[in-house]
Amino acid sequence: QVQLVESGGGLVQAGGSLSLSCATSGLTFSNYAMGWFRQAPGKDREFVAAISRSGNTYYADSVKGRFTISRDNAKSTGYLQMNRLKPEDTAVYYCAARYGAAATTTTLFAYWGQGTQVTVSS
């Protein structure tokens, strides 16, 4: 049974930082690309960042230069470091896993975590 569990969300002031983790189990982590997505109230879930099996990274324009995605295959865990946070970054953040190549589309990811709330106050 595949499980993805996010942690690290919370409330932070604009300009601050948060670090999200996504612990996985039930899959051979090194065979999977990982992604982070977010969903704000009343909006569609949107792509934030992705990392391939080999460590290539991809970012939405809105977070490029502020967020960093990484992975630790030995720990079967993915990470999202978020710096210089803005109020518009407020959303529920989800991690996702996809067997094979990285992707930026929600429909291409088979496994999802339950989400963690990130709130950025102005």
Side-chain angles (χ1 to χ4, degrees):
Q1 176 183 357
V2 175
Q3 287 191 314
L4 281 68
V5 180
E6 302 98 337
S7 60
L11 173 65
V12 65
Q13 287 189 330
S17 298
L18 281 175
S19 180
L20 304 183
S21 299
C22 176
T24 73
S25 60
L27 53 76
T28 303
F29 185 73
S30 58
N31 289 342
Y32 285 75
M34 287 208 66
W36 287 92
F37 295 80
R38 66 188 181 187
Q39 188 165 19
K43 295 189 176 181
D44 292 336
R45 192 169 299 188
E46 65 174 7
F47 169 73
V48 175
I51 186 166
S52 71
R53 293 171 294 177
S54 61
N56 293 323
T57 57
Y58 308 86
Y59 297 95
D61 287 343
S62 59
V63 307
K64 203 171 293 182
R66 299 188 298 121
F67 290 12
T68 303
I69 189 171
S70 61
R71 63 188 296 156
D72 185 334
N73 288 345
K75 295 182 178 179
S76 298
T77 299
Y79 304 95
L80 185 68
Q81 177 65 41
M82 305 184 293
N83 298 328
R84 290 184 282 138
L85 283 159
K86 304 175 180 180
E88 51 264 43
D89 294 319
T90 295
V92 177
Y93 282 70
Y94 299 89
C95 68
R98 177 177 191 264
Y99 184 83
T104 61
T105 307
T106 57
T107 55
L108 295 178
F109 283 82
Y111 302 107
W112 291 83
Q114 81 289 349
T116 186
Q117 177 71 46
V118 171
T119 303
V120 184
S121 63
S122 57

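One-based numbering along the sequence shown.
Hydrophobic cluster membership is shared by Tyr111 and Leu80, with clusters built from Ile, Leu, Val, Met, Phe, Trp and Tyr side chains linked at under 4.5 angstrom. Residue Val118 is not grouped with residue Val92 when hydrophobic side chains (ILVMFWY) are merged at heavy-atom distances under 4.5 angstrom, including chains of intermediate members.
The distance from the OG1 atom of Thr68 to the CG atom of Asn83 is 6.5 Å, given to the nearest 0.5 Å. Here the straight-line distance linking atom CZ of Arg71 with atom CD1 of Ile51 works out to 6.0 Å at 0.5 Å rounding. The SG atom of Cys95 lies 9.5 Å from the CD1 atom of Ile69; values are rounded to the nearest 0.5 Å.
Using a cutoff of 4.0 Å between basic side-chain nitrogens and carboxylate oxygens, Asp89 and Lys86 are not scored as salt-bridged.
No donor-acceptor pair under 3.5 Å is formed between the side chain of Tyr93 and the backbone N or O of Val48. In this structure, Glu6 contributes its side chain and Thr116 its backbone to no donor-acceptor pair below 3.5 Å. Formation of a donor-acceptor pair under 3.5 Å by the Arg84 side chain with backbone atoms of Phe67 is not found in this model.
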Report task. Using the side-chain contact (heavy atoms from CB on, under 4.5 Å) rule, take Tyr94 and Leu20 through it: C-alpha gap first, then chi angles, then the decisive distance, then the call. Result -> CA-CA 10 Å; Tyr94 299 89; Leu20 304 183; over 6 Å; no

Query - Val120 and Glu88: CA distance, side-chain angles, deciding distance, side-chain contact (heavy atoms from CB on, under 4.5 Å) verdict - result: CA-CA 8 Å; Val120 184; Glu88 51 264 43; over 6 Å; no

Requested in this report: Assess whether side-chain contact (heavy atoms from CB on, under 4.5 Å) is satisfied between Tyr58 and Phe47, documenting all intermediate values.
Outcome: CA-CA 10 Å; Tyr58 308 86; Phe47 169 73; 4.2 Å; yes

Requested in this report: Please assess Thr24 against Thr77 for the test side-chain contact (heavy atoms from CB on, under 4.5 Å), listing each intermediate value before the final yes or no.
Outcome: CA-CA 6 Å; Thr24 73; Thr77 299; over 6 Å; no

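Residue Lys64 places its NZ atom among more than 12 non-hydrogen atoms of other residues, nucleotides or ligands, all under 6.0 Å distant.
In terms of heavy-atom proximity, Ser122 sits nearest to Ala14 at CA-CB, 4.4 Å.
Screening residues 97-109 for side chain to side chain donor-acceptor pair (under 3.5 Å), with sequence neighbours left out, gives no hits. Judged as a salt bridge (charged side-chain N to carboxylate O under 4.0 Å, His left out), the pairs with a partner in residues 40-59 (not counting sequence neighbours) are, in order, Arg38-Glu46.
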Just list the side-chain donor-acceptor pairs under 3.5 Å for residues 26-37, sequence neighbours left out, or say none.
from	atom 1	to	atom 2	distance (Å)
Trp36	NE1	Tyr79	O	3.4

